[in-house]
A.B. asks: 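Mind having a look at this structure? Questions to follow.
This is a predicted model, so every value here is computed, not measured.
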Amino acid sequence: MIGGENRAPSGWRVAVLGGGAWGTALALAMLRAGHFVRLYARDPETVAAIDRGENPRYLPGIAIEPGIVATSDIKAALDGADCVLAVAPAQALRAMLAAAKDHVPNAVPLVLCAKGIERDTGALLSAIVENILPTNPVAALSGPSFATDVARGLPTAVVVAARDADLAADLAARFSAENLRCYSSDDLIGVEIGGALKNVFAIAAGAVTGASLGASAQAAMVTRGFVELRRIGAAFGARPETLMGLSGLGDLLLTCSSAQSRNFAYGLALGQGKPLSGLPLAEGVPTAAIAARIAAERQIDAPIITAIAAILDGTVTVRQAVSALMTRPLKTETDI
């Protein structure tokens, strides 16, 4: 019961909005960091499962430690919160914030835990928060992390970014626990761009692997994808050192090398010609289309992003796209 909760003496009341794999894993991470946690999930079955100490739909086989209060009442989840973690998928964030708007306590930080660019507007997720909740400082948590690893308490390092360096440092310190190390950054845009675009390149890496084009092609795809990430990041004002860090290169390497990544798994099925319906949500799919549009509008050379967008909308096949990439005009490698 929410009314009978006990609060850790030095802990915050942390509201986690989202009862999927990542939301549940972060709720566990916040609990281990000494915070009282309320987790909002739309599905009453998910709430009931978490109350039983499990979330078999999203984290099968992983025990949910007692202490997390799950609820399908967003107002109850946000009541008295010291911090809010928004774990809705990027394309659903605006709707979730609209539902939460009247219940989010004034001035408490809202931490973005999803990665993407809004498809219809091209807005970064922080811009959506600033539009809907202008009195709440916005931050982002990103980096190479799989939900199952975090839920199991395996060693993981991430970045917490906010424009206010002091806020970022405070959040990173409060979120860190024995096996979760949080670094801080004041390059919010850089962290967001890295997190959003790595999903697109993970689809590309998966597609190359699924099409049996070889490890050499996969390595080239990931490396040149990072070049495109740097180009687009620079256009948004991201700092190069941010993109070289955990939330950029680190996250790119993780998601481009494992079928645990939903985006890599989606690309794998794409390259193998398997049905895509029924696959878990891959944020890189809508992000690819808007990233390709942004690159075209800003005249940024991003052939891999453009190719993935074309593959996803059915314009070309994986092999046709790779063939086109391999026949582009030659240039020096450092010409980025």
A.B. asks: Mind running side-chain contact (heavy atoms from CB on, under 4.5 Å) on Thr255 and Asn263 for me, showing each step along the way?
C.D. replies: CA-CA 7 Å; Thr255 53; Asn263 292 281; 5.9 Å; no

A.B. asks: Give the minimum heavy-atom separation between Ser258 and Phe146, together with the two atoms involved.
C.D. replies: OG-CE1, 3.8 Å

A.B. asks: Just checking, any donor-acceptor pair under 3.5 angstrom between side chains of Asp187 and Ser185?
C.D. replies: no

A.B. asks: Grouping I, L, V, M, F, W and Y whenever their side-chain heavy atoms are under 4.5 Å apart, do Leu253 and Ile305 come out in a common cluster?
C.D. replies: yes

A.B. asks: Would you mind reporting whether Leu39 and Thr71 have side-chain heavy atoms less than 4.5 Å apart?
C.D. replies: no

A.B. asks: Less than 4.0 angstrom from a charged side-chain N to a carboxylate O is my criterion; do Arg239 and Asp186 meet it?
C.D. replies: yes

A.B. asks: Measure across Leu59 and Ala151 and return the closest heavy-atom pair with its distance rounded to 0.1 Å.
C.D. replies: CD1-CB, 3.9 Å

A.B. asks: Could you tell me whether the side chain of Val69 reaches within less than 4.5 Å of the side chain of Val37, counting heavy atoms only?
C.D. replies: no

A.B. asks: Using side-chain heavy atoms (C-beta onward) and a distance below 4.5 Å, is Arg163 in contact with Ser126?
C.D. replies: yes

A.B. asks: Looking at Arg174 and Asp170, is any side-chain nitrogen of the basic one under 4.0 Å from a carboxylate oxygen of the acidic one?
C.D. replies: yes

A.B. asks: Is there a donor-acceptor pair closer than 3.5 Å between any side-chain N or O of Thr223 and the backbone N or O of Ala219?
C.D. replies: yes

A.B. asks: Do Leu229 and Phe201 have side-chain heavy atoms sitting under 4.5 Å apart?
C.D. replies: yes

A.B. asks: Hey, what do you get for CG (Leu17) to CG (Leu78), rounding to the nearest 0.5 Å?
C.D. replies: 5.0 Å

A.B. asks: May I have the step-by-step check of side-chain contact (heavy atoms from CB on, under 4.5 Å) for Lys75 and Asp79, ending in yes or no?
C.D. replies: CA-CA 6 Å; Lys75 180 180 179 181; Asp79 184 37; 5.8 Å; no

A.B. asks: Indicate the atoms forming the closest heavy-atom contact of Val111 with Cys83, along with that distance.
C.D. replies: CG2-SG, 3.9 Å

A.B. asks: Please determine whether a side-chain nitrogen of the Lys or Arg among Arg328 and Asp301 lies less than 4.0 Å from a carboxylate oxygen of the Asp or Glu.
C.D. replies: yes

A.B. asks: Please report the interatomic distance CZ(Arg94) to CE(Met96), rounded to the nearest 0.5 Å.
C.D. replies: 14.5 Å

A.B. asks: Between the main-chain N or O of Trp12 and the side-chain N or O of His35, is there a donor-acceptor pair closer than 3.5 Å?
C.D. replies: yes

A.B. asks: Which distance, rounded to the nearest 0.5 Å, do you find between the OG1 of Thr287 and the CD1 of Ile203?
C.D. replies: 8.0 Å

A.B. asks: If you take all heavy atoms of Leu243 and Phe226, which pair is closest and at what distance?
C.D. replies: O-CE1, 3.3 Å

A.B. asks: Give a yes or no answer on whether the side chain of Glu228 reaches the backbone of Ile304 with a donor-acceptor pair at less than 3.5 Å.
C.D. replies: yes

A.B. asks: Should Val208 and Val227 be counted in the same cluster of Ile, Leu, Val, Met, Phe, Trp and Tyr side chains packed under 4.5 Å apart?
C.D. replies: no

A.B. asks: Is the side chain of Gln91 donor-acceptor paired with the backbone N or O of Arg119 at a distance under 3.5 Å, no angle test?
C.D. replies: yes

A.B. asks: What heavy-atom pair brings Pro109 and Leu171 nearest, and what distance separates the two atoms?
C.D. replies: CG-CD2, 4.1 Å

A.B. asks: Take Leu197 and Ile232 through the side-chain contact (heavy atoms from CB on, under 4.5 Å) test and state the conclusion after the steps.
C.D. replies: CA-CA 9 Å; Leu197 295 185; Ile232 295 178; 3.8 Å; yes

A.B. asks: Rounded to the nearest 0.5 Å, what separates atom NZ in Lys198 from atom CG in Leu249?
C.D. replies: 13.0 Å

A.B. asks: When the side chains of residues 132-144 are checked against the rest of the protein, which donor-acceptor pairs come out under 3.5 Å, sequence neighbours left out?
C.D. replies:
| unit_1 | atom_1 | unit_2 | atom_2 | d |
| --- | --- | --- | --- | --- |
| Thr135 | OG1 | Asn106 | OD1 | 2.6 |
| Asn136 | ND2 | Pro105 | O | 2.9 |
| Asn136 | ND2 | Val108 | O | 2.9 |

A.B. asks: Hey, could you give me the CG/CG distance between Leu28 and Asn55, rounded to the nearest 0.5 Å?
C.D. replies: 9.5 Å

A.B. asks: Is Arg57 salt-bridged to Glu45, going by a charged N under 4.0 Å from an acidic O?
C.D. replies: no

A.B. asks: Report yes or no: do Glu118 and Thr121 form a side-chain donor-acceptor pair below 3.5 Å?
C.D. replies: yes

A.B. asks: Are Met221 and Val316 co-members of a hydrophobic cluster defined by side-chain heavy atoms under 4.5 Å apart?
C.D. replies: yes

A.B. asks: Following the transitive rule for hydrophobic clusters with a side-chain heavy-atom cut-off under 4.5 Å over Ile, Leu, Val, Met, Phe, Trp and Tyr, establish whether Met244 and Ile189 coincide in one cluster.
C.D. replies: yes

A.B. asks: Does one hydrophobic cluster hold both Val160 and Val129, with members joined at side-chain heavy-atom distances below 4.5 Å?
C.D. replies: no

A.B. asks: Counting C-beta onward and ignoring hydrogens, is there a side-chain heavy-atom pair between Leu252 and Val222 closer than 4.5 Å?
C.D. replies: yes

A.B. asks: Return each pair, listed once, that meets salt bridge (charged side-chain N to carboxylate O under 4.0 Å, His left out) where at least one residue sits in residues 96-116; pairs must be two or more places apart or across chains.
C.D. replies: Lys115-Asp251

A.B. asks: Using a 6.0 Å distance limit plus a 45 degree cone around the ring axis, check whether Arg298 lies over the aromatic ring of Phe236.
C.D. replies: yes

A.B. asks: Any sub-3.5 Å donor-acceptor pair from Ser176's side-chain atoms to Cys182's backbone N or O?
C.D. replies: yes

A.B. asks: Has Thr156 got a side-chain atom pairing as donor or acceptor with Leu154's backbone, closer than 3.5 angstrom?
C.D. replies: yes

A.B. asks: Would you say Trp22's side chain and Cys113's backbone share a donor-acceptor pair under 3.5 angstrom?
C.D. replies: yes

A.B. asks: Using a distance-only test with no angle check, is there a side-chain donor-acceptor pair under 3.5 angstrom linking Arg38 and Tyr40?
C.D. replies: no

A.B. asks: Between Leu125 and Ile117, is any pair of side-chain heavy atoms under 4.5 Å apart?
C.D. replies: no

A.B. asks: Kindly indicate whether the side chain of Val87, heavy atoms from C-beta on, has any atom under 4.5 Å from the side chain of Thr24.
C.D. replies: no

A.B. asks: Does some side-chain heavy atom of Leu270 sit less than 4.5 Å from a side-chain heavy atom of Leu312?
C.D. replies: yes

A.B. asks: Suppose the criterion is salt bridge (charged side-chain N to carboxylate O under 4.0 Å, His left out): which pairs have a residue in residues 277-294, not counting sequence neighbours?
C.D. replies: Arg293-Glu297

A.B. asks: Step by step, work out the side-chain contact (heavy atoms from CB on, under 4.5 Å) result for Ser247 and Thr242.
C.D. replies: CA-CA 7 Å; Ser247 60; Thr242 302; 3.9 Å; yes

A.B. asks: Please give me the minimum heavy-atom distance between Thr317 and Ile311, naming the atom from each residue.
C.D. replies: O-CG1, 4.0 Å

A.B. asks: Please report the interatomic distance CD(Gln218) to CG(Leu213), rounded to the nearest 0.5 Å.
C.D. replies: 10.0 Å

